[in-house]
Colleague: 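My questions will all concern the structure given below.
Remember, it's 1-based here, ligands and their atoms both numbered in the order they're listed.
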Amino acid sequence: MRVLLVGGGGREHALALGLAGDPAVEALFAAPGNPGIAAVAQLREVTPTDPAAVAALAVEVAADLVVIGPEAPLVAGVADAVRAKGIAVFGPSAEAARLEGSKTFAKDVMTAAGVPTARAYTCEDAAAVVRALDEFGAPYVVKDDGLAAGKGVVVTDDRAAAERHAAECGRVVIEEYLSGPEVSLFVVTDGEAAVPLLPAQDFKRVGDGDTGPNTGGMGAYAPLPWAPPNLVDDVMRDVVHPTLAELRRRGTPFAGLLYVGLAITPSGPRVIEFNARFGDPETQVVLALLETPLGGLLHAAATGTLGAHPPLRWRDGAAVTVVVAADGYPAGPRTGDVITGADRAGIIHAGTRRDADGTLRSAGGRVLCGTATGPDLAAARDAAYELVRDVELAGAHHRTDIAAAAVDGRITIPG
Ligand code: AMP
């Protein structure tokens with residue numbers, strides 16, 4: 001199987017490692033890729049959000065499967081353009097990707113499908129914003145309606161800040177605050193059959209103790225020792241299958257990766273958001289534990305044969321990833337700084353580039369992550385932090401508490 005992977009962040013580096021490790025994958029191309037991916041794939045230049053360009057590249061490299069990592073190409077219709085060439089693609093159509101591309105669309109689908117989620121209003125003017133904030137009270141949850149790379153959401157007790165964010169965004173979704181630990185559940189689907197991966201937890205806030213602004217994600221771990229035993233079965237029954245059925249009913253089946261972001265509240269799991277692709281950085285830990293060959297799994301989802309795929313196999317133990325972010329991230333990350341100590345197994349590149357002389361430099365807000373497995377969560381956590389300790393990058397910062405509460409048994413479900 002010849003595979004073209006679209007994207008160039010940490011998620012795509014993790015996907016590339018998984019695909020390269022699948023004996024059925026005889027050639028792996030990545031576009032645009034990054035210096036970490038370059039070690040396991042041939043890199044090609046492409047604008048990932050240009051449907052015609054990606055489709056042409058897929059034809060040029062004679063791809064049997066195209067795997068689309070980030071959301072922006074999906075929302076732009078890249079999967080549709082590749083499929084139109086008769087090439088199998090892992091990633092939903094632009095129509096189905098609206099599940100991520102529009103919070104209003106996602107709420108509409110959830111309501112129609114009876115999926116448990118926060119009550120919400122879409123607000124287009126200041127008066128509607130005031131009404132919604134009054135109804136729900138603090139903490140206030142205000143979300144930009146469009147794609148914002150995980151950074152368009154403000155959760156705050158500060159009423160003025162909530163109103164300011166709403167005014168800046170224009171069209172927003174304001175919703176009820178959900179309390180309880182968060183879970184990211186990835187589901188591989190061909191539109192009908194659906195296979196859950198291991199639940200993971202990520203860390204959205206920039207600072208230790210969940211302080212500071214939201215980011216794209218500062219670390220993750222899997223599995224979740226504190227998760228209720230029926231969690232995955234319940235979410236498949238109450239969330240995933242009804243959502244897939246509703247999208248089939250609308251004539252826009254969702255095939256690819258359905259990311260279900262949940263809060264485990266006192267009344268059970270509630271959907272915080274859907275994404276239409278693998279989450280970053282949870283992918284790094286989930287795929288580190290997946291023993292089943294990745295290429296075959298994604299190909300089955302892309303070709304409508306997932307129902308016949310054998311059950312997934314997982315490695316024992318746990319995985320932890322810790323993101324190293326650039327000075328100034330998330331507000332205004334500084335790029336171009338020299339990185340040393342990063343050319344090692346377990347370092348996943350996210351925002352890096354390499355000079356002609358081989359020097360590695362920062363090229364994004366989230367620069368890289370240290371990803372490690374271990375016989376248990378504590379061991380995986382120690383190993384991930386050991387990787388990060390050896391990386392040198394001026395001004396870089398990382399959270400020091402990734403997976404700490406889970407290791408210490410401090411995560412509880414309220415109620
Ligand atoms: P989203 O982009 O919708 O995932 O939101 C980013 C983060 O904001 C989530 O991971 C949560 O930590 C937080 N968040 C979003 N919606 C809610 C909600 N209704 N209640 C509590 N926290 C939320």
Colleague: Taking 4.0 Å as the limit for heavy-atom contacts, which would you say applies to Glu176 with ligand 1: side chain only, backbone only, both, or neither?
Modeller: backbone
Colleague: Do you see a donor-acceptor pair shorter than 3.5 Å between the side chains of Thr104 and Asp145?
Modeller: yes
Colleague: For Lys204 and Thr215, which I'm curious about, is there any donor-acceptor pair between the side chains at under 3.5 Å?
Modeller: no
Colleague: Is there any N or O on Val155 that sits under 3.5 Å from an N or O of ligand 1?
Modeller: no
Colleague: Any chance the side chains of Tyr140 and Glu163 put a donor and an acceptor closer than 3.5 Å?
Modeller: no
Colleague: Please report whether ligand 1 has a polar contact with Glu175, defined as an N or O pair separated by less than 3.5 Å (distance criterion only).
Modeller: yes
Colleague: I'd like to know if Arg171 pairs up with Asp125 as an ion pair, taking the criterion as any Lys NZ or Arg NE/NH1/NH2 lying under 4.0 Å from an Asp or Glu carboxylate oxygen.
Modeller: no
Colleague: Check ligand 1 against Leu178 and write out every atom of the ligand that is under 4.0 Å from a heavy-atom position of the residue.
Modeller: 18 (C), 19 (N), 20 (N), 21 (C)
Colleague: Which ligand 1 atoms, with their elements, are less than 4.0 angstrom from a heavy-atom of Lys103?
Modeller: 1 (P), 2 (O), 3 (O)
Colleague: Which label fits Phe278 and Phe90: parallel for a plane angle under 30°, tilted from 30 to 60°, or perpendicular past 60°?
Modeller: tilted
Colleague: Between ligand 1 and Arg205, can you find any atom pair, the residue atom being a heavy atom, that is separated by under 4.0 Å?
Modeller: no
Colleague: Is a donor from one side chain sitting under 3.5 angstrom from an acceptor on the other, for Gln284 and Thr371?
Modeller: no
Colleague: Report, in ascending order of atom number, the atoms of ligand 1 lying under 4.0 Å from any heavy atom of Lys204.
Modeller: 4 (O), 10 (O)
